Structure formats: structure tokens, C-alpha cells
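Quick notes on the structure that follows.
First listed ligand is number 1; within each ligand, the first listed atom is number 1. Just so you know, these numbers use all the heavy atoms, side chains as well, and skip hydrogens, waters and symmetry mates. Treat the numbers as computed from the prediction; the structure is a model and nothing was measured.
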Amino acid sequence: MRRTRLLAGVSTSVAALLVTVLIAPSADARTRPVQPPPKSPTATGYGGAVSTVDPDATRIGIDVLRRGGNAVDAAVAAAAALGVTEPYSNGVGGGGFFVHYDAKSRRVSTIDGREAAPAAYREDTLTENGRPIPFADAVTSGLSVGVPGTPLTWDRAVRRWGTRSLRQNLAPAADLARRGFVVDATFRQQTADNEARFRDFPATRALFLPNGELPEVGSVLRNPDLARTYDLLGRGGVAEFYRGGIGRDVVRTARRPAVDPASPRMVRPGLLTTADLASYTAPERRPTRVSYRGLDVYGMAPPSSGGSTVGEALNVLERSDLRGAPAAQYLHRYLDASNLSFADRNRWVGDPAFGEVPLAGLLSQRYADSRACLLDPARALPTPQPPGDPAVRAEGCTAGGRTTPEPREGLSTTHLTTADRWGNVVSYTLTIEQTGGSGITVPGRGFLLNNELTDFDFVPLTPGVPDPNLPAAGKRPRSSMAPTIVLRDGRPVLALGSPGGATIITTVLQTLLGRLERDLSLVDAIAAPRASARNGTPQAEPAFLASPEAAELRAMGHAFTSTPEIGAVTGIEFGRHGLLIAAAEPARRGGGSAAVVRPSRRAGGPGRVRTIGR
Ligand code: GLU
């Protein structure tokens, strides 16, 4: 049955979406006519803040804060809204990592909502006849669907730290799904990029190709199935998902994806069972922490490589004078610190339940110093660099082991950041892996299934070198998600994160450095042209490649490949006396949406840029 209706002709334009207006005091969501909410990439003020890639999600988060909810309530409500408006990047069919700062205890905690492999998974599950399954085939398959972690993450976060029920927090997103959202150019383009495979799954076609066509920019897309899913989760709790009817539908769909009989597509069936769903947990994990020039940088521990890799790179850079360095020298060090950290990440980081990850070593200053001395101020490091061994107490520079090639990863996902009037903060990255996930929608439930298990290495990356990221029963594939919170003396100064597969790590690092070392405002640090080095050939955006620094970097031996866009950051900076500076992308992915509960008199700009942490 077709459940999505498309109303053509709602007049709007992308330009109209970009008007710089702060969110006005809320009208009751039920009486609000459907219209594109205004959005701004930066907002300054008090009483709470939300930054997401999407104006509906930000509006809903701000609304929750205005009604007395805290940062966790706002984060869950905004995430649920992103499940409506950004369904190709996240949703209840996926997973993520939730980082929380508790103002009372001044502690940072995290929830690991990463998808887990079914119990039937084996080391060779992603191979056939001894060879890796073609990556694109694995993406669009039931086989790469892991147990979704997002519903349990929301439930845990709300029970542990929230002030409202899951039902209350899901209600605005259910309402949004019912009323619909206005399709923008980014959504249409993402649908177009997925059109061929979406057409092959009748449930996906019905939901995202209304009347069999790409949704028009300015039309309204509704998802009443997802509204009902949210209602069910709200009323019956996440047991509806992990032990109930929604879960049974997830399992049935993953095991036997319904493909259009007219399509020649061969879709590999999944291995997920109801027992896999029933035994899923979303554990709290100790965050990673490095101290960087008097700041404490907290991130996500394994199975994500986000915290350890950002952390190691910061430690590597700590002995360099990045503040005083000319721009090209600063970028040179950023690129090579990234290369060294990625060499270690690829060799050492995987699900810690399946093999020891030398996390303390990777995060230690002593180990970073032994890597930092490999940096040459005049020449780019040849790549790939071999990993070091953090277990060895190194004196001087570490001699490397054997190199591992760069694994491949998708380019989807979303990040949101929230803060409340009590000082609590959430930095939350969530995903369904590829843009559009597996491409498989659960019929009647309104959401796409993830393809997260393609984040495993299908075969050992380097023969003879142990690979911590091979598939196994119940294992979580290594992630790059890097939700980050920075404290000074136990109080937040900055929180941010980004999508972008493995480029998440470099984007978070580059944005942190732009703000902390180069005195850019947060929004300018976000907007700065990006490059991403991951121990292979670095990628860079066209604006980066056109800069004078790029020419200097090339002369030092850095060779770049061009890529249109890297990442989509959202973040919040914490100023004096409760001042909040929320920021998002001015341009990438069509621009993000930052808002505050109570704007300062000077709305809009980030104000004078203050130096953080010195
Ligand atoms: N699956 C990726 C990860 O966990 C994120 C997906 C993406 O951003 O492309 O690292």
C-alpha cells in the first residue's frame, strides 16, 4: 500500500530557507501550518541551544527545551525528527554514539548504540569462494543489516538523564512525520543518487519515490508509517522494537528483503533473528579523554575509533606551535598527524569485546611523542605509514610495523549537539551507514534498515597482520563516529561532531584546531575548506585545493584528490555567563540549522572570537 502522499506546489525555495532568522517563540505544533522553517547556521544566546543539519529537527529540539526538557530530551526529540527529514542518514533502523555531559557531577558518559552482527555471523560471512563480496552488493543487502541500536540508545539516555518520557520526546517527530516536511534540494539529490536501488524495493519506492517519481523540491513528504512506529515506541516502549511486532518486521525484512519481481537485482538475505534483537544491549562506556593544552577532550571509545584517533592526533600535535605557524605549516602538521593516527587506528581499533584494544597506549602522550618525532617540518610523510606499537615503551621515534591499506567506508550519517539551561550537553552522532542505508525499507514501518556491517573489513586488510575489525558473531564493526565534548576545569567549552565515514575523524580534528589554535569563530572553523588525510592519498575540497596553502603543501609532497564536500559539522560553544554560540554548516549539504532558546540582543553573529583554553 502506498502511504506517502506528495503535495506538489508548496512554494518555497532553497534561498528562502536560508534567511537568517532565529526561531520565534513556538506556536503549538498541532496548529502550525506546514511551511519550511527558517534556518541560520549560527545563533547566539542563552537558556539552551540546538544545532542540527535540519531546521525542523532544530525547531523541535528548541521547543522541547522551551517546554522544560533538558539537553537529553532535546537530543532525542531532534534525533527522532531527523529520522523523518534525514531518513537516508539515520533512523530507528540504525545506530550511533551518544556522548553526555552532566552538569551536576561534571562527568562525561557515553552510550554505545552501535549495531551488532547477528549470532550467525562468522569471520568469512562477507566473502564468497574466498573472495570479498563486491562492496556495492554488500551495501544493498540483508546481509549487512546489524541489530539497530538507536531505539535502545534513546530509551537509555532518556531513562538515565532525561526529564520527559520517551513518548513525550517522540511525539513532535511523530507529528512531523504525519504532517510532512518540505523537500529541499539536498533531499531530492540524495533520493536521485539512490533512485535505481530504491526502485527495486517496493516499500522504499512507495515511501521515497511518490507516484514513482523523485520528490520535487518544495513539495511535502509525509511518512505516516513512521509516525505510527514512533507512537508505538512511545506507548509500548522499546520492547515493541526488540521483542515485539516492529522487531519481527525488521527480522523478516532483513532475512527476506522484498524485491520487485521485475528487477534483476540479486539481494543477499540477512542473518538477523528475533533472538539477536532480544539480546541487544546499548552499554555505557567510559569516554576517551586526552588533555590538550589545558583542555580535556572527551570522545567515543571503541568500537568507535573516533575518540582514540582524534585524541592521538591532538597528542601528536601538542608539541607543535600551531598557533604561531604559517597556515601551510599548520595544515601540513594536521595532515601528517592524521596519517600517523590513522595508521594506528587501522591496525589496533576494533570491538573491544573481541580482542584487546591498546587504548591507554594510543591515548598516552608518551606514545604520541614517539609518533610526533616522525613529523618532518619540510616534507610530507610518505603514505601509507606503518603503525606503531603502543604497547612498547618507546624512547625516541617508534619504528613502524607493516602498513595496512585504508579501509573503505560510506559517507552518510548525521550529528547533532544540544545544551540546556542547567549546563547539560549532548553530542550525538547517528547513522544508517551509507546514504540510504541498505536501501531496504521495513514495509509498513516507515524506516530504512542500516547496512552498518559493511564497516567490517571483509577480509584481513594485510595478510599476516592481525585485523581487529573482521566480522564475528555479536561483534560491532569499527566506527569513525567522533561525537566530542571539550571541557576546561570540568566545564564545557565546546561540543561538536560530524558525519562523513572515516573523514569524520579529520573533520572533527580540523574544526577543533580551527577554533582552538587558529582563533576562527566556531562557524568559521566549520566553514573552512577541508582536507582529509587518512594514511592514503588525502582528499580535499575544491576551495581547499584553490588556496595558496594547497600549492605550498603540494610543494612539500602532499598530493590531493578532489572531492566536492567533506563532512557536515554541528556544534555549540560555551562562553562566559551562560552564553551559548550554536553553529552549523553555512553551505555544505545545503546548510545546517543552529538556534538558541533565548537570543541575545545581537542576534546572528558569533560575536568577538575569544581564545579558548589559554
Ligand atoms: N558507518 C560509518 C561509521 O560508523 C559512518 C557512516 C558515514 O558517516 O558514512 O564510521
Going by an N to O cut-off under 4.0 Å, is there a salt bridge joining [X] and [Y]?
X    : Y    : answer
D455 : R114 : yes
R589 : E585 : no
R347 : D344 : no
R478 : D351 : no
K475 : E115 : no

Discussion item. Does E284 have more than 12 heavy atoms from other residues, nucleotides or ligands lying within 6.0 Å of its CD?
Written reply: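 Correct, the count exceeds 12.
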Below 4.0 angstrom from a heavy atom of [X], which ligand 1 atoms are there? Numbered from 1 as shown, please.
X    : value
G501 : 7 (C), 8 (O), 9 (O)
T413 : 5 (C), 6 (C), 7 (C), 8 (O), 9 (O)
M481 : 4 (O), 10 (O)
E452 : 1 (N), 2 (C), 4 (O)

Counting only nitrogen or oxygen atoms and a 3.5 angstrom limit, does [X] reach ligand 1?
X    : answer
I504 : no
D455 : yes
T431 : no
G500 : yes

Worksheet item: Taking heavy atoms and a distance under 4.0 Å, where does R478 meet ligand 1: side chain, backbone, both or neither?
Response: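 Neither; nothing of R478 gets under 4.0 Å from ligand 1.
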Worksheet item: R114: heavy atom below 4.0 Å from ligand 1, yes or no?
Response: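 Yes, R114 has heavy atoms under 4.0 Å from ligand 1.
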Discussion item. Out of the candidates T58, T417, T414, T52, only one should pair with T570 under the side-chain hydrogen bond (donor to acceptor under 3.5 Å, both in side chains) rule; please name it.
Written reply: T417
